[in-house]
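Residues take their numbers from the sequence shown, with the count starting at 1.
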Amino acid sequence: MEDLKISLSNYIRQAKTALDANDNARARECLLRSAECALLLAKNSGGKSEKQYLSQYESLKVMINNLNRRMEQGVGANAAPVKTFQSGTVNDGGTVKDGKAFTKPAKTDSLSPQRLCDYIGQPQAVTAVRDLITAARLKNSAMPHLILYGSHGLGKTTFSRIIANELGVGFTEVNVSKMNSAEMIAILKKLKPRDIVFIDEIHTLPIIVAESVLYSAMQDGRITFTEGKGKFARTQVLTLPPFTLIGATTEVGKLAKPFTQRAIQIRLEEYSDEVLGGIITNSFYKLGMKISSENGLYIARRCRNNPRIANNTVRRISDKALVRYAAINNLRSDGAFGSPDAVRKLNIEVTQKLIEEFFTENGIDEYGLENGDRELLKIIITRYGGGPVGIDTLARVMNESNNVISQKYEAYLIKKGFMRIDRDGRVVMPAAYRALGLPVPPEAEEKAKTSDVGDERGERKSRFEDRKVIACRVPDEIKCKNVEDLIEYPPEAGVITKTLDELFPDIEKEYDGETKHLCKLEIDFDDFKRCITCDSFLESRFAICMATVGYLKDLKAQTLEIPYVSQELANRRYFPDFIIKDYKGRIAIIEMKNFDMLSYHLNIDKYEMLKNYCISRGYGYAEIAKANNAERYVSAEQLKRAPVNVKLEEYIFKTIEENGRATGEGMFGEKDFRRYIAENGATDRAEIYTILLNNRKLKNTDRAGGDFRIIFE
């Protein structure tokens with residue numbers, strides 16, 4: 001270790017001396033050796049030292065790339081073309097077939113790196129993959145299967161293409177959003193030895209395709225499928241050549257265990273401003289323009305630590321620079337800037353003034369905040385006193401979907417410390433007031449001190465302490481009957497001797513919804529104790545209710561994954577809230593919902609899938625809510641069995657038809673319901689839910705559940 005540190009220091013000093021002497025070739029050699037030393041030191045270190053050496057390694061790579069550009073432009077006494085890739089790899093953009101390298105024409109305007117040595121910002125991922133690539137070459141075998149995960153725009157697809165380039169093998173990118181098993185089999189049939197199959201957003205892959213095709217293909221190298229129908233059906237076994245599956249995902253917690261057990265998982269990290277500045281400088285060079293490292297860093301600070309956003313910004317600023325140059329020099333002919341080489345001859349330099357004009361025109365400030373970010377923060381500050389405010393309310397006020405609010409805006413605002421999410425909703429932090437040029441009110445400072453966001457790793461902590469509940473030793477028959485009335489047990493539901501742990505082993509998952517409340521319950525079942533975590537008041541209270549009346553023999557929370565398909569969300573999975581064994585020894589699966597959310601059409605689809613799953617296995621089932629303005633629980637089946645208000649149902653159809661003719665919307669909304677009440681007298685909202693549960697031609701598309709957006713389909 002000490003020898004490596006001394007070598008690193010010596011090589012850096014020699015590189016500086018060579019640069020001062022204008023000996024670029026010698027400087028480049030010293031920088032390459034120092035980068036190797038930094039990487040070796042990182043491998044053999046840990047904690048802060050590892051991060052320090054990795055950061056130094058990235059800085060050295062940026063310096064090497066900058067020096068390569070200088071040498072290619074002929075700057076310095078020893079300027080000469082630089083061989084970027086070592087021997088043993090194919091040319092840029094090339095593939096290998098029958099032992100020969102075939103070079104494909106490279107895209108001249110591509111900003112994406114093509115080789116590992118050009119892929120900066122992910123040293124740990126590069127180090128891990130480089131060894132796998134080298135081993136695969138030495139053995140002439142396929143690389144192991146990989147799962148690349150991280151947030152949007154970090155370069156998962158680019159990284160996968162680089163791996164294929166380094167190996168010199170075929171690369172097949174698969175869109176799995178609506179794929180079936182036959183289509184996946186057709187793709188696998190075309191593979192050649194060592195080819196790579198890339199699946200983006202692999203967590204959206206239909207579970208039936210994964211189970212029937214991919215799992216056996218990944219593990220055993222063969223798939224079994226049926227050809228033909230009826231008496232002509234034949235079972236075929238297809239042996240596959242060795243291949244590599246690379247799956248990319250932004251939600252690794254949604255992947256089933258068979259995927260994670262069959263593949264190496266590699267996480268792509270967020271990019272620092274300094275590394276992103278180097279990428280930006282390099283991208284301008286690829287487009288034929290000059291930019292200082294200071295201006296590259298100036299742009300990087302407004303690009304949300306995301307290389308995709310950075311390269312999109314580079315293209316837009318370069319276009320602005322070209323337009324400005326053409327206007328000043330009165331260039332009007334088409335194709336004047338047809339290639340980076342043509343642009344390079346014009347000697348265009350991107351100035352800070354031009355960059356500032358671009359960001360001002362597009363409403364991007366020094367913190368990387370865009371108009372939508374500032375609007376969101378101002379709404380919380382001006383309308384709701386800085387928060388807390390729920391995501392459903394924000395979505396309505398901004399006229400955006402919940403997904404847009406949480407993924408486009410909140411992710412960055414939370415990361416930068418402008419906002420946090422409490423159990424009661426979104427709260428604006430003091431840093432946001434300062435970024436918007438507003439005075440920080442004392443109550444905002446106080447809210448910042450009482451944050452329920454946890455430790456230095458950013459893990460969420462609940463304000464609620466663990467609660468201990470002791471189940472009744474003897475069931476209360478009357479109270480148990482009240483709970484039993486909420487659950488539908490099929491006639492064949494009998495006593496099951498297996499334990500819940502045998503039937504439903506624990507599964508690993510990441511909760512991706514909004515946690516309104518977190519409560520840990522410890523339930524004592526005499527001979528054992530069960531600890532469960534509930535993520536809403538509704539769940540914890542019903543669990544306590546079942547335990548304290550003696551209804552339970554056992555209970556587990558969210559240990560079953562059920563795939564479901566709906567009109568708007570295909571290939572989804574969800575985890576029912578509770579799996580119970582009741583006091584009679586029967587199994588039941590329970591989903592808890594807020595009362596208004598029972599009528600949301602995707603939740604109805606989800607419940608139908610749960611119901612079918614349970615009936616096929618002889619389990620009980622229920623979707624349970626606490627009725628509005630009443631201290632009683634109600635189930636979806638109880639609502640469904642209630643008498644249908646035919647007059648209201650006809651009114652809904654009529655209103656949808658009238659609204660469709662008048663406005664083209666064709667919808668029954670909250671204002672229409674209030675008009676019905678004014679004309680026909682007070683009506684319980686539950687009657688709407690009864691209609692929606694019984695008539696599947698009607699869909700309530702209001703996800704928040706507070707209003708109605710009923711359409712006819």
Side-chain angles (χ1 to χ4, degrees), residues 93-99 102 104 136 140-149 156-252 254-264 561 563-573:
T95 58
V96 172
K97 186 177 181 180
D98 299 330
F102 295 86
K104 297 178 181 178
N140 194 30
S141 64
M143 250 183 58
H145 306 296
L146 299 179
I147 297 293
L148 305 178
Y149 67 98
K156 294 183 286 292
T157 304
T158 298
F159 194 33
S160 302
R161 290 184 181 277
I162 286 174
I163 293 171
N165 288 343
E166 292 287 347
L167 288 170
V169 298
F171 183 88
T172 302
E173 188 170 352
V174 181
N175 184 350
V176 298
S177 59
K178 294 183 180 179
M179 172 165 285
N180 57 40
S181 299
E183 291 168 336
M184 180 60 76
I185 291 170
I187 290 170
L188 296 177
K189 279 182 175 179
K190 297 178 182 178
L191 292 179
K192 295 184 174 65
R194 303 172 63 219
D195 275 2
I196 288 175
V197 177
F198 175 72
I199 301 178
D200 199 9
E201 300 301 335
I202 194 170
H203 62 272
T204 65
L205 180 72
I207 191 69
I208 189 171
V209 177
E211 291 176 344
S212 62
V213 181
L214 274 188
Y215 293 165
S216 59
M218 293 168 68
Q219 181 160 317
D220 304 324
R222 64 176 182 270
I223 50 179
T224 303
F225 59 97
T226 303
E227 285 188 345
K229 294 182 179 180
K231 64 180 181 180
F232 300 105
R234 296 290 183 272
T235 299
Q236 303 286 341
V237 178
L238 174 66
T239 301
L240 300 170
F243 76 100
T244 301
L245 174 76
I246 301 181
T249 178
T250 55
E251 300 182 67
V252 69
K254 290 186 176 180
L255 286 180
K257 268 191 177 179
F259 269 132
T260 57
Q261 292 170 345
R262 288 170 169 82
I264 298 171
E561 180 181 337
Y564 72 99
V565 177
S566 192
Q567 295 96 322
E568 295 177 7
L569 297 173
N571 312 320
R572 307 296 291 179
R573 302 167 183 141

Answer yes or no: is there a side-chain heavy-atom contact under 4.5 Å between F243 and H145?
yes
Going from OG1 on T157 to CD1 on I162, what distance comes out if it is rounded to the nearest 0.5 angstrom?
11.0 Å
Determine whether T244 and I163 make a side-chain contact, defined as any pair of heavy atoms from C-beta on separated by less than 4.5 Å.
no
Could you walk me through whether R194 and N140 pass the side-chain contact (heavy atoms from CB on, under 4.5 Å) check?
CA-CA 8 Å; R194 303 172 63 219; N140 194 30; 3.6 Å; yes
Taking ring-ring contact (aromatic ring centres under 6.0 Å, His included) as the test, write out the residues that go with F171, two or more places apart.
F198
Mind checking side-chain hydrogen bond (donor to acceptor under 3.5 Å, both in side chains) for R262 and listing every partner two or more places apart, or none if nothing turns up?
Q219
To the nearest 0.5 Å, tell me how far L191 CG sits from I196 CD1.
11.0 Å
Return the minimal non-hydrogen interatomic distance between P241 and K192, and the atom names on each side.
CG-C, 4.0 Å
Quick one: list whatever passes salt bridge (Lys or Arg N to Asp or Glu O under 4.0 Å) with K189, sequence neighbours left out.
E227
According to side-chain hydrogen bond (donor to acceptor under 3.5 Å, both in side chains), who are the partners of T250, at least two apart in sequence or on a separate chain?
E201
Can any side-chain N or O of R222 pair as donor or acceptor with the backbone N or O of L238 at less than 3.5 Å?
no
My understanding is that only residues two or more places apart in sequence, or in another chain, count here; which of them pass side-chain hydrogen bond (donor to acceptor under 3.5 Å, both in side chains) with R161?
E173
S216 meets the side chain to side chain contact (heavy atoms under 4.5 Å, CB included) criterion, sequence neighbours left out, with D220, I223
Taking all heavy atoms of I202 and all of G247, pick out the closest pair and write down the distance.
CD1-CA, 3.9 Å
Quick one: pull up CD1 in I246 and OG1 in T172 and give me the separation to the nearest 0.5 Å.
11.0 Å
If you compare all heavy atoms of L240 against all heavy atoms of L188, which two are closest, and at what distance to 0.1 Å?
CD2-O, 3.7 Å
I'd like to check M184 versus I199 (side-chain heavy atoms, cut-off strictly below 4.5 Å). Are they in contact?
yes
